[in-house]
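Read the structure below first, then the notes.
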Amino acid sequence: MLRVINLVVFTAAFSTIAHRAAAVIPVEGFGQTKDGSQVKLWTLNSKGGLTVRLMNRGAAIVSIEVPDRDGKKADVALGFDDVAGYESPDNQYFGTIVGRYGNRIAGGKFQLDGKQYQLFTNDGPNHLHGGDGRSLDKIVWQAEPFESGGQQGVTFSYTSPDGEEGYPGNLKMTVKYTVSNKNEIRIEYAATTDKPTVLNLTNHAYFNLAGHGSPTINEHVLRLNADRYTPVDETLIPTGELAPVADTPLDFRQPTAIGKRVDELTATSAKGYDHNFVLNRDGAAAGELVEAAVLVDPKSGRTLTVLTDQPGVQFYGGNFLKGQAGKQGKTYAHRSACCLETQVFPDSPNNQGKEGWPNCVLRPGETYKHTCVYAFGTAR
Ligand code: GLA
């Protein structure tokens, strides 16, 4: 009898400890925004050796530590040591969620159901990454850390009120990050609205697989699963055409060093790589993940594979990095990191219904869904 009771007591105590242990994800202060909000930093670990730090301002990735082929870890994401860096003009959306409409909208204008909308123009004549003061990269999101099936994550949520940054509808959003034991960062986006609206949520992490602050990504080798891209005008607005990458410096169908042809683009409006690629989905079902990109640093052997259910990926080669001071005293030189932003095409609101162009309109009763997986590995 005594043994049975002991067992019950032991089991109860053990399950309490196990439960508590499961709920603990280290969190620390990361500073205060200019308007007085507390910013926090969560540290997520995977059994495969990946450590990811996320903050609630901008629901952003602050660091990604990942082993190389010899097990040596480096932080491969650009960022700042505290929230003040992210509030400085040097931030360039490091690691943040961008939106409501990531990328550009021509003239900041679009029509929806016969109604004309005017958004803030913060990139020359155009709207970029959701606008100005209340774009999603600047919002302090609600955060819910979790541990499930041995994997850790944080779900961020925010409801953008009707009319915020000029967009229609109360837009309820969640961005769920899970760090898997296979060394992947899985980002799952969901949104609903109470009025028809347009949206394009994405993450703006900058990667250098040799470690943030390494001087260049010219030697990184890239493969993009795209036969076509969306050519742009002088202000980086798509012309509407879906053009073949064949015989251009944008042909990454075979793995190619980023630096091999980048100078052929220096004098163009993009100033280097800053293009939306039309992913080959080859009949994949809606919601099915396909490989968008594979990035390899031949020296360290670190690899990044990007998978998504979205129709496009923006490959941005860090043309506007200008040697600003980043984390741990490192500086971020011109073209020393790249972004692979899974998305619908830039300026889709002004190309709805055109052959090959994706839907970017969300209506009441529908749910926007987007999954992006950043999977890290090593190659010999
Ligand atoms: C993007 C754009 C670039 C640039 C960066 C932010 O991804 O395509 O042109 O604006 O964001 O610096």
Side-chain angles (χ1 to χ4, degrees), residues 58 60-61 77-80 85-108 119-132 135-138 165 187 199-208 212 217 222 224 226 229-239 250 258 262 265-279 292-293 295 306 308 310-326 331-349 360 370 372 374:
I61 296 175
L78 272 53
F80 297 103
Y86 289 89
E87 287 192 307
S88 79
D90 286 343
N91 80 83
Q92 295 177 3
Y93 308 92
F94 289 171
T96 66
I97 297 302
V98 289
R100 295 187 187 188
Y101 201 93
N103 219 313
R104 293 176 175 78
I105 297 179
L119 309 171
F120 193 74
T121 51
N122 56 330
D123 188 60
N126 304 318
H127 177 81
L128 174 71
H129 294 333
D132 190 28
S135 53
L136 298 179
D137 57 294
K138 300 180 188 77
E165 284 294 336
I187 313 175
L199 83 163
N200 184 32
L201 305 178
T202 191
N203 178 283
H204 211 297
Y206 286 67
F207 302 101
N208 183 319
H212 74 113
I217 47 157
L222 179 66
L224 289 173
Y229 75 110
T230 49
V232 288
D233 70 9
E234 276 312 296
T235 67
L236 296 190
I237 293 297
T239 59
L250 302 174
I258 291 174
V262 67
L265 297 168
T266 302
T268 66
S269 59
K271 300 185 168 57
Y273 289 112
D274 195 356
H275 298 80
N276 170 62
F277 289 77
V278 178
L279 294 172
L295 185 67
V306 183
T308 190
Q310 294 297 288
V313 67
Q314 184 85 8
F315 167 45
Y316 167 58
N319 306 309
F320 301 118
L321 293 173
K322 51 180 184 192
Q324 61 261 63
T331 51
Y332 298 146
H334 180 229
R335 296 184 184 157
S336 66
C338 67
C339 304
L340 291 158
E341 306 156 48
T342 56
Q343 60 178 4
V344 294
F345 307 164
D347 203 30
S348 290
C360 66
H370 167 177
C372 168
Y374 290 129

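Start at 1 and go down the list; that is how both ligands and their atoms are numbered.
- K138 and D132 are not joined by a salt bridge, as no carboxylate oxygen comes within less than 4.0 angstrom of a charged side-chain nitrogen.
- Legend: residues meeting ring-ring contact (aromatic ring centres under 6.0 Å, His included) with Y374, ordered by chain and number and at least two apart, are F207.
- Every atom of ligand 1 is numbered from 1 in the order shown, and the set under 4.0 Å from a heavy atom of D274 is 2 (C), 3 (C), 8 (O), 9 (O).
- At a heavy-atom distance under 4.0 Å, no atom of N319 approaches ligand 1.
- Here the shortest heavy-atom distance to atom 1 (C) of ligand 1, taken over H129, H275, Q314, belongs to H129.
- With hydrogens and angles disregarded, no donor-acceptor distance shorter than 3.5 Å links the side chain of Y86 to the backbone of N91.
- Atoms of ligand 1 found under 4.0 Å from any heavy atom of E341 (numbered from 1 in listed order, with element): 7 (O).
- For residues 93-105, every residue pair satisfying the salt bridge (charged side-chain N to carboxylate O under 4.0 Å, His left out) rule, not counting sequence neighbours, is listed here: R104-D123.
- Every atom of ligand 1 is numbered from 1 in the order shown, and the set under 4.0 Å from a heavy atom of R104 is 2 (C), 3 (C), 8 (O), 9 (O), 10 (O).
- With a 4.0 Å cut-off on non-hydrogen atoms, Y206 touches ligand 1 through its side chain and not its backbone.
- Contact atoms of ligand 1 toward L128: 10 (O) (distance under 4.0 Å to a heavy atom of the residue).
- Among L201, N276, V313, V98, the single residue meeting the side-chain contact (heavy atoms from CB on, under 4.5 Å) criterion with Q343 is N276.
- Those atoms of ligand 1 with a heavy atom of F320 less than 4.0 angstrom away are 4 (C), 9 (O).
- Between Y101 and H127, the gap from one ring centroid to the other reaches at least 6.0 Å.
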